[in-house]
Amino acid sequence: MTHNIISISGLSKTYPKGFEALRNIHLDIRQGELFALLGPNGAGKTTLINLICGIVRPTVGSVSVGGFDIITRYKQARAMIGLVPQELTTDAFETVWATVCYTRGLFGKRPDPAYLEKLLRDLSLWEKKDSQIVTLSGGMKRRVLIAKALSHQPHVLFLDEPTAGVDVALRRDMWQLVRDLRNAGVTIILTTHYIEEAEEMADRIGVIRKGELILVEDKVELMRKLGMKRLSLQLAEPMTAIPPSLAGYGLELSPDGNVLTYTYDSQSERGMIAALLDTLNRLGIAFHDLNTSQRSLEDIFVSLVHEDAAP
Amino acid sequence: MNPIAFLTIYRYQMARTWRTLFQSVFSPVISTSLYFVVFGSAIGSRITEVDGIHYGAFIVPGLVMMSLLTQSVSNASFAIYFPRFTGTIYELLSAPLSYMEIVLSYTAAAVSKSILLATIILLTASIFVPLHIAHPVWMVLFMLLTATTFSLLGFIIGIWADNFEKLQLVPLLIVTPLTFLGGTFYSVQMLPPFWQTVSLFNPVVYLISGFRWSFYDIADVPLSISLLVTGAFLAICLAILAWIFKTGYRLKQ
């Protein structure tokens with residue numbers, strides 16, 4: 001049975017100038033899962049991560065990592081965490097090897113050259129181990145940050161937009177790396193702008209908007225919603241009301257009476273379209289055009305984050 | 001205490017010294033040698049003795065102390081400001097380290113660097129003038145106390161500064177003038193009475209006086225007062241740091 005490795009309860013953060021970055025967040029992250037946190041710029045994703053990692057102080061609420069409170073038992077909590085920040089912040093004049101050893105040491109771990117060599121090889125950084133970070137490409141620097149975050153063998157890894165500004169090939173490599181880490185038992189919390197990234201990898205998805213966590217759901221469940229399709233029929237003659245014999249289909253009529261829309265689950269409602277069209281034909285309802293559309297996760301995300309917050 | 005993390009930060013900071021050897025070690029040695037040439041030889045040829053000490057030898061404790069102060073402040077302030085400037089401070093803040101461990105490791109590195117430099121300057125001075133150290137244990141104690149206090153001050157400046165200009169502001173506008181006016185090149189007793197009184201408000205006077213006493217057994221102010229003022233300054237720095245860490249000032253929001 002999986003248990004929660006991170007528990008967040010009633011967490012809020014208001015910055016000194018009054019900006020409320022997080023509002024009453026409740027969230028449990030299960031051990032070993034890959035949780036994707038989606039949200040537009042300024043939604044509070046990075047604040048949430050920084051708060052769990054000890055970089056920002058909470059205003060209200062509590063967070064525990066591996067059962068350790070991040071305030072009262074911060075050393076034990078932080079020892080479990082690896083953080084890959086959004087910005088490419090590195091000691092430019094250090095070598096890759098020195099910076100990775102440094103991070104491992106900061107976490108109180110004894111040197112382990114064999115582990116670090118394997119880590120750098122896995123990240124295709126071994127050949128660059130003696131290079132100054134300033135000489136590396138952006139993608140390589142991103143890998144260095146990942147190597148640093150993994151240098152002390154954390155149980156939880158935070159990836160704050162790891163593929164921002166990364167080319168497609170490298171992004172695919174990163175995804176594979178993240179999958180491997182997850183398979184190795186590391187719990188991963190990923191923030192991203194790329195819906196595709198969440199679709200590709202996440203076990204669960206959370207959506208944050210204006211500091212509020214407005215949705216947390218299994219990806220499979222979201223994919224089921226993704227499977228909802230819409231069939232729109234352009235009627236030959238405007239309709240004033242939906243006939244009672246069509247009530248079972250849950251149809252929607254546009255205000256002008258010209259478009260009839262049927263929303264259905266493409267996975268489980270096969271054959272219903274034929275039945276609907278047959279019924280329309282029997283009722284003598286003609287249409288001159290039809291089209292189908294699928295609601296993507298992106299549509300769901302966009303509708304969620306752009307919806308005005310409830311008063 | 002996390003000894004591995006402490007040593008990691010300490011070694012990392014010391015490695016920067018070796019990497020920037022010219023800037024860290026050679027340039028202060030060159031500038032101090034120039035002081036000896038200008039004050040020791042050129043001006044010193046007209047001032048033969050101060051309090052019975054050859055002028056060239058008289059200024060040695062002041063010059064060593066001046067380097068110790070400025071280097072302690074600049075080493076510590078830069079060491080903590082740079083990760084704030086580059087953003088790598090996130091590593092320190094998210095590591096399982098207490099603030100005390102962070103301050104201790106950074107201060108230990110800054111103290112080591114400045115004492116190393118002071119020792120080199122002392123050795124350089126011995127080439128120019130005959131040196132006599134009357135109380136070597138006190139000399140080491142004063143060096144340690146001063147380097148620690150001013151490294152803590154540097155650490156505070158490095159946290160307070162939010163740009164490179166501010167980082168230089170306190171060392172240039174406060175520390176250096178106080179050092180020059182603190183009796184580096186003269187005895188406070190040589191000043192008119194009014195300026196002697198003004199000098200007593202300069203904490204550097206007490207540092208240099210105590211340090212010079214450890215060399216030549218002569219002092220502008222009693223040793224106990226020197227120690228008391230240095231100790232008080234250390235306590236003030238520690239209190240400010242405690243406040244910084246309690247509030248997260250410029251470190252954590």
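Per chain, numbering begins at 1; letters A, B, ... match sequence-line order. Just so you know, these numbers come straight off a predicted model, no measurement behind them.
In this structure, A:R142 contributes its side chain and A:Q86 its backbone to a donor-acceptor pair below 3.5 Å. In this structure a side-chain-to-backbone donor-acceptor pair under 3.5 Å is missing from A:H152 to A:F107. Side-chain atoms of A:T187 come within 3.5 Å of backbone N or O of A:G32 as a donor-acceptor pair.
With chain A as partner, the option from B:N2, B:L7, B:T8 having the largest number of non-hydrogen pairs under 4.5 angstrom is B:T8. With chain B as the partner, the residue from A:R110, A:Q76, A:E87 showing the most heavy-atom pairs under 4.5 Å is A:R110.
Judged by the 6.0 Å distance and 45° axis criteria, B:K166 is not positioned over the aromatic ring of B:F164.
Of the N and O atoms on the side chains of A:T99 and A:E94, not one donor lies less than 3.5 Å from an acceptor on the other residue.
In this structure, B:R84 CZ and B:R250 CZ are separated by 6.5 Å, a value rounded to the nearest 0.5 Å. Residue B:F211 holds its CZ atom at 13.0 Å from CE of B:M66, rounded to the nearest 0.5 Å. Remark: B:K113 NZ to B:N75 CG distance equals 4.5 Å, nearest 0.5 Å. Between the CZ atom of A:R171 and the CE atom of A:M174 there is a distance of 10.0 Å, given to the nearest 0.5 Å.
Surrounding CZ of A:F93 are at most 12 heavy atoms belonging to other residues, nucleotides or ligands under 6.0 Å away. Counted within 6.0 Å of CZ on B:R11, heavy atoms from surrounding residues, nucleotides or ligands total 12 or fewer; the atom is thus considered open.
Identified by a heavy-atom distance below 4.5 Å to chain A, the contributing residues of residues 85-100 of chain B are B:T86, B:G87, B:T88, B:Y90, B:E91, B:L92, B:L93, B:S94, B:A95, B:P96, B:L97, B:S98, B:Y99, in residue-number order. At a heavy-atom cut-off of under 4.5 Å, chain B is reached by A:C53, A:G54, A:I55, A:V56, A:R57 from residues 52-64 of chain A, listed in order of number. Within residues 153-160 of chain A, no residue has a heavy atom under 4.5 Å from a heavy atom of chain B. Interface with chain B: from residues 115-130 of chain A, no residue qualifies, criterion being any non-hydrogen pair under 4.5 Å.
A salt bridge links A:E20 with A:R23; the closest basic N to acidic carboxylate O contact falls under 4.0 Å. A salt bridge between A:E33 and A:R182 is absent, with no side-chain N of the basic residue lying under 4.0 Å from a carboxylate O of the acidic one.
Residue B:F6 does not touch chain A at all, counting heavy-atom pairs closer than 4.5 Å. The part of A:T90 that comes within reach of chain B is its backbone (N, CA, C, O), which places non-hydrogen atoms under 4.5 angstrom from that chain.
Taking the six-membered ring where the residue is Trp, the centroids of B:F233 and B:F150 are separated by under 6.0 Å.
Of the residues A:I70, A:I189, A:I81, the one that meets the side chain to side chain contact (heavy atoms under 4.5 Å, CB included) test with A:I6 is A:I189. Put simply, the residue from A:N24, A:L22, A:L213 that forms a side chain to side chain contact (heavy atoms under 4.5 Å, CB included) with A:L11 is A:L22.
In this structure, B:S112 and B:Y10 have side chains that are in contact, with non-hydrogen atoms separated by less than 4.5 Å.
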task: I would like to know whether B:Y12 and B:S105 meet side chain to side chain donor-acceptor pair (under 3.5 Å); could you show each step before the answer?
output: CA-CA 10 Å; B:Y12 200 73; B:S105 48; over 6 Å; no
